> 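Take a look at the following structure, please.
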Amino acid sequence: MKHLLKMLDLSKEEIVDILNLADQLKYEQKHGIKHHHLAGKTLGMIFQKASTRTRVSFEVGMFQLGGHALFLSSNDLQIGRGEPVQDTARVLSRYLDAIMIRTFEQKEVEDLAEYGNIPIINGLTDFSHPCQVLADLMTIREYKGRLEGLKMCYIGDGNNMANSLIVGCLKMGMTVSFACPEQYRPSQEVLDFASEFDCFTLTTDVMEASEKADVLITDVWASMGQEGEALQRRKAFEGYQINEKVLSVAKSDAMVQHCLPAHREEEISGETFEAHADEIFDEAENRLHAQKAVMVKLMSK
Ligand code: CP
Ligand code: NVA
């Protein structure tokens, strides 16, 4: 593994390796065992979109690994004034040991990887959010003791989270049911991948999708960059909500995950959010541990 660009690039073995290392690093951190695997290394973090969790967890993670993280807002970089990503990649490769980037187009992340010669980590694009899904898989495994054979039901927009969850869960041997309005399906590339699996279903019926689910996951109806469509989306997604009614047909011990930020009473009811807050904030915490594992895998050579 040279980069973390999207879940489609990872094998099951690579995912398992990351999750195992993440569990170990979490244990070590909780027990005060130092793990300065990245002493003297620097991670550059380019942000073209807002972030709370990604920014803080990467920066703290790098510090805990003995390294340093540099916050690079695109407003302050020449990239924001049109310097090509191909040139930025070649320049930053001379200074940094890895780059984490949050941006719009997946192609920009792929270009950084192609033109630079250091590991690139996708910190969210319109197409994918692999760091979040690794943290989700870690959390589900922590709660359920396994991933294989579990049913993950996603309700909502076929966005970056959806694309990455479908691929990550199917690769880990989970059953995936996906409920969304017709016009908000996941990307065709992901649906083509999923069509090879008998255990994948796509429906517009929220109750059907939720039946006997072990894990229910949702995300905002309007992602970053889609603020102008918020009203239209609010109408289109009416009913595509995780709430007590939906949970009543899932397994009695079903867990709920949400990558956050959450919009209560839109994609998730306030009641359900609070009832599952421990699982959701463990998921947020696990961003730190999962990303530390990714950085160690990519940067410690
Ligand atoms: N879930 C997530 O990526 O959160 P941020 O947008 O706050 O980084
Ligand atoms: N789908 C959301 C995820 C935020 C972490 C977005 O892209 O805004």
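Here, residue 1 is the first one in the sequence, and each next residue gets the next number. Every number for a ligand or one of its atoms is a count from 1 in the order of the listing. The model shown is predicted, which means the values in this text are computed figures rather than measured ones.
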> Mark yes or no: Arg102 above the aromatic ring of Phe47, with NZ or CZ under 6.0 Å from the six-membered ring centre and no more than 45 degrees from the axis.
no

> Geometry only, no angles: is Pro261 polar-contacting ligand 1 at N/O separations under 3.5 Å?
no

> Contact between ligand 2 and Asp157 is defined here as a heavy atom of the residue under 4.0 Å from a ligand atom; is it met?
no

> Do Thr103 and Gln48 have side-chain N/O donor and acceptor atoms under 3.5 Å apart?
yes

> Run the numbers for me: atoms of ligand 1, each under 4.0 Å from some heavy atom of Cys259, listed by number.
1 (N)

> For ligand 2 and Met224, I'd like to know whether there is a polar contact (N/O to N/O, distance under 3.5 Å).
yes

> May I ask you to identify, for Arg287, whether its side chain, its backbone, both or neither come under 4.0 Å of ligand 1 on a heavy-atom basis?
side chain

> Do Asn20 and Arg141 have a side chain donor and acceptor closer than 3.5 Å?
yes

> For ligand 2, is there an N or O atom under 3.5 Å from any N or O atom of Arg102?
no

> What is the nearest protein non-hydrogen atom to atom 6 (O) of ligand 1, stated with its residue, atom name and distance?
Arg102 NH1, 2.8 Å

> Run the numbers for me: atoms of ligand 2, each under 4.0 Å from some heavy atom of Asp219, listed by number.
1 (N), 2 (C), 3 (C)

> Parallel, tilted or perpendicular: which describes the rings of Phe193 and Phe197, with under 30° parallel and over 60° perpendicular?
tilted

> N/O of Met224 under 3.5 Å from N/O of ligand 1, yes or no?
no

> Would you say ligand 2 has an N or O under 3.5 Å from any N or O of His129?
no

> Side chain or backbone, does Asn160 bring an N or O within less than 3.5 Å of an N or O on ligand 2?
yes

> Counting only nitrogen or oxygen atoms and a 3.5 angstrom limit, does Arg55 reach ligand 1?
no

> If you take the nearest heavy atom of each of His129, Met161, Arg53, which one is closest to atom 3 (O) of ligand 1?
His129

> Is it true that His263 and Glu267 share a donor-acceptor pair across their side chains at a distance under 3.5 Å?
no

> Once you restrict to heavy atoms under 4.0 Å, what part of Asp126 touches ligand 2? Side chain, backbone, both or neither.
neither

> With no hydrogens and no angle check, just 3.5 Å: does a side-chain donor-acceptor pair link Arg264 and Ser269?
no

> Determine the interplanar angle of the Phe237 and Trp221 rings, folded into 0 to 90°, and report it as parallel if under 30°, tilted if 30 to 60°, perpendicular if over 60°.
parallel

> Indicate whether any N or O donor in one side chain lies under 3.5 Å from an N or O acceptor in the other, for Thr272 and Glu244.
yes

> Nearest protein heavy atom to atom 7 (O) of ligand 1, by residue and atom, and its distance?
Thr52 N, 2.6 Å

> Are Ser128 and Asn122 close enough that a side-chain donor and a side-chain acceptor fall under 3.5 Å?
yes

> Applying a 4.0 Å heavy-atom criterion (strictly less than), which segment of Leu260 is in contact with ligand 1: side chain, backbone, both, or neither?
backbone

> For Glu110 and His3, does a side-chain donor sit closer than 3.5 Å to a side-chain acceptor?
no

